[in-house]
Amino acid sequence: MSEAVIGLTRDEMAMRAALDIPDGAYVNLGIGIPEMVAAHVPAGREVIYHTENGLLGMGPSPTDDGDPELINAGKRRVTAIEGASYFHHADSFVMIRGGHIDLCVLGALQVASNGDLANWSTGGPDAIPAVGGAMDLVAGVPTIYVITQQTTRDGKPKLVEQCTYPLTGRGVVDRIYTELAVIDLSDAGFQLVELTDGIDFGYVQSRMDASLAPIAERQEDSVHAT
Amino acid sequence: MSEAVIGLTRDEMAMRAALDIPDGAYVNLGIGIPEMVAAHVPAGREVIYHTENGLLGMGPSPTDDGDPELINAGKRRVTAIEGASYFHHADSFVMIRGGHIDLCVLGALQVASNGDLANWSTGGPDAIPAVGGAMDLVAGVPTIYVITQQTTRDGKPKLVEQCTYPLTGRGVVDRIYTELAVIDLSDAGFQLVELTDGIDFGYVQSRMDASLAPIAERQEDSVHAT
Amino acid sequence: MIDKRVPTAQEAVADIFDGATVMVGGFGEAGSPIELIHALIDQGASDLTVVNNNAGSGEVGLAALIKAGRVSKMICSYPRTANSTVFPEMYRAGRIALELVPQGTLAERIRAGGAGIPAFFTATSVGTPLAEGKEHRTFGETEYVLEHGLTADFSLIKCRRADHLGNLVYNKTARNFNPIMATASRTTIVQTDEIVRLGAIDSEAVVTQGIFVDRIVTVENPALESDLVHKGMSYP
Amino acid sequence: MIDKRVPTAQEAVADIFDGATVMVGGFGEAGSPIELIHALIDQGASDLTVVNNNAGSGEVGLAALIKAGRVSKMICSYPRTANSTVFPEMYRAGRIALELVPQGTLAERIRAGGAGIPAFFTATSVGTPLAEGKEHRTFGETEYVLEHGLTADFSLIKCRRADHLGNLVYNKTARNFNPIMATASRTTIVQTDEIVRLGAIDSEAVVTQGIFVDRIVTVENPALESDLVHKGMSYP
């Protein structure tokens, strides 16, 4: 390790995001850290998970071998809760495109200060382009949370003035959870909501390529509502 | 009765049309005489009936009271065959609009020599307009048969040069079964295929407001195929 | 925790507001949520736009809602049925508006509304009066018209069986418009013959997924429109 | 009489022609009709356009068809999966074309193709490179792009259970693209784990109605792609 770990672990980031998932929400979780959110929803809240390959009521990973035909969007084996339902792909995207899923948690390559998200391609000439359901999710789901490290492994900020990678969607991100902070997207751009214990404003700002507004006097909670 | 019955009865017209329903066809039957076609499909042929209110595999009327929630498009109680399936209205019209139903038999107010069909409204100022699934059927089903009397009750021809009633669809009719004849729609207009026993060409022509071409030397059978 | 059951039809329809668009499931009497409609009559909301394949029969259910003067506009494919006298009278008297839509286009517009599709092309109605004034376009060799997705503030749905998460199954051809209307309305209100325990509805056979449902009322022995009409009943 | 069963996969795919568009069901290995794909490899048709969510993995199933040089173009949403090496190599070498479509738009284009809808508007992909060159239009305050229905000459479908009329049910998330592809192809070819007697599939729970199905082959113990890949197998 060339650098000491500063701020939250991946699991702690998922845990922080989970605090904001409301009781009764229908939620789609992206691949990677977002998947870990499911394990951390606070006790007493019932959340129903949708996976775009045709399952509402996705449960945790199987404790046995599972069923190779019961998988999630990341093609990993999962289980189904009591009261789950299966449906075909067009019906699954009725739920997404039609605005029926309340909230989606995704990873990111870049988020811009206007809420633009890039998370499907680095646009490299040799890259195999692959988009999956990401563009449908950001276009259809009313509330989009992003969980991401503040920078890439080689230190390049992921929260930027303008995305340089191909977009997944325009102005779609509502809130970002990083190892250092919780940051909202407001009309004025990146808006600090909460600092991780032991992290100061200046450090977060230094790990971004865009201006960060300090915590507002009176916290706007509008992005919580779905 | 002011006029003797000439030509086929309603039931005989349905019987004649049934001869042209191919084995294995998926068929939608309109309300009225078309409904009677089902009872006359020749032995050895298996035909599957679709009703647009969400049933594939419609059987005959129930011999008991039936189920008030098992009805056909005319809202009459029906039965379902073994191997029937139920589905919602959007899926039902996937079958119709998507061209999956092979053949539809409808009634008519007017058929024009270019295949235009009018069968939903007389366009009267006091008429309550009601269209149901007729426009979807003629737009989506590749082969459209019409069963109709040659004239209205007061003797006005229903086979005409041009429809005066509002259209159901343009150029959609393939074949017409009347009490006097079987008539195809060809590029040249009405084309006689077959005369009812005892009826002559001149009589059929006299009961139309458009030109009828005599039986062709070598019969084209193209409208039979689906 | 999620539990979409509400005790009475009265509570289920309480917030339907004047001027709302309400989709009402059913094809004729099959799948028609009569008890919910009657609760809506009691509730009093007016100036409603109602979407249904028909326009009711006799003087019960949807016909009674129309007769009570609560419906300013019907969107339907076939407002002319056996025993349908209320709508024709109101229509001829100029007291109710009608948007006539071919049945398949009506179904697809509702499905599109629920699916986030604002508009689509269809060949249905091309060359007829119902295509007049609509955008036409040719794809391949066929001409199509542009039709728009349809959404509603509320839908009133009837099903055979539900669980408390809102998963629904229907009875035979009573399915008809109910599942697509459930997807296309902001608030979906369901009457069910019975509520069953979670897991009692086969996950492979759920027709309407709970995500589309907001409120569920049990109506154990729902009335049949044809029975009520036959008995000459009128509501209220 | 109607009986859609055919004895072998070989016979079922015999008429797939060079240059055909073939929809292949499945999402990863779930619902992937491997035995039908292998029969298609044996059959020899080439210059195929294949529609599938992915582009195969290992050197079996769809990946094997691509490796054999039979696919000139893939239409898919995610041609990059664990153990997916064949497509990337062919793509980088310029030996296969790619039409990349967002997953929901791919599903809706297939559904539209089956439903006789030539084109529809969707908000998905607006503002991204995948919307470039497409017609844009604003409805309300949102911008949408026009997408076109997708149809195929053939589809290869995997299901859990079928009857001889072609009614199908699936297993869990193996349902995925299979039902919509069955509606969107001129000839639908199905492999099923088992054929059951007519009436054994609940009429309320049929997922694909027989009207969409042309040929059914029983493959009693279908191979699992992950098993074959794990064993390092390649086909043929």
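Just so we're on the same page: letters track the sequence lines, and every chain starts at 1. Since this is a predicted model, take the numbers as computed values, not measurements.
- Ile96(B) does not touch chain D: none of its heavy atoms, backbone or side chain, sits under 4.5 Å away.
- There is no contact between Ala80(B) and chain D, counting heavy-atom distances below 4.5 Å.
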Is there any N or O donor on one of chain D and chain B with an acceptor on the other under 3.5 Å, and could you list each such pair with its distance?
{"unit_1": "Met1(D)", "atom_1": "N", "unit_2": "Asp23(B)", "atom_2": "OD1", "d": "3.3"}
{"unit_1": "Met1(D)", "atom_1": "N", "unit_2": "Asp23(B)", "atom_2": "OD2", "d": "2.7"}
{"unit_1": "Ile2(D)", "atom_1": "N", "unit_2": "Glu46(B)", "atom_2": "OE1", "d": "2.7"}
{"unit_1": "Lys4(D)", "atom_1": "NZ", "unit_2": "Tyr26(B)", "atom_2": "OH", "d": "2.6"}
{"unit_1": "Gly114(D)", "atom_1": "O", "unit_2": "His100(B)", "atom_2": "NE2", "d": "2.8"}
{"unit_1": "Ala115(D)", "atom_1": "O", "unit_2": "Arg97(B)", "atom_2": "NH1", "d": "3.0"}
{"unit_1": "Asn167(D)", "atom_1": "ND2", "unit_2": "Gly83(B)", "atom_2": "O", "d": "2.9"}
{"unit_1": "Thr183(D)", "atom_1": "O", "unit_2": "His100(B)", "atom_2": "NE2", "d": "3.2"}
{"unit_1": "Ser203(D)", "atom_1": "O", "unit_2": "Tyr86(B)", "atom_2": "N", "d": "3.1"}
{"unit_1": "Ser203(D)", "atom_1": "OG", "unit_2": "Ala84(B)", "atom_2": "O", "d": "2.8"}

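- In this structure, chain B has heavy atoms under 4.5 Å from both the backbone and the side chain of Ile2(D).
- Here CG of Leu56(B) is found 8.5 Å from CG of Leu165(D). Values are rounded to the nearest 0.5 Å.
- Residues Ala115(D) and Val94(B) come closest through the heavy atom pair CB-CG2, 3.7 Å.
- In this structure, Ile48(B) and Ile211(D) have side chains that are not in contact, with every pair of non-hydrogen atoms separated by 4.5 Å or more.
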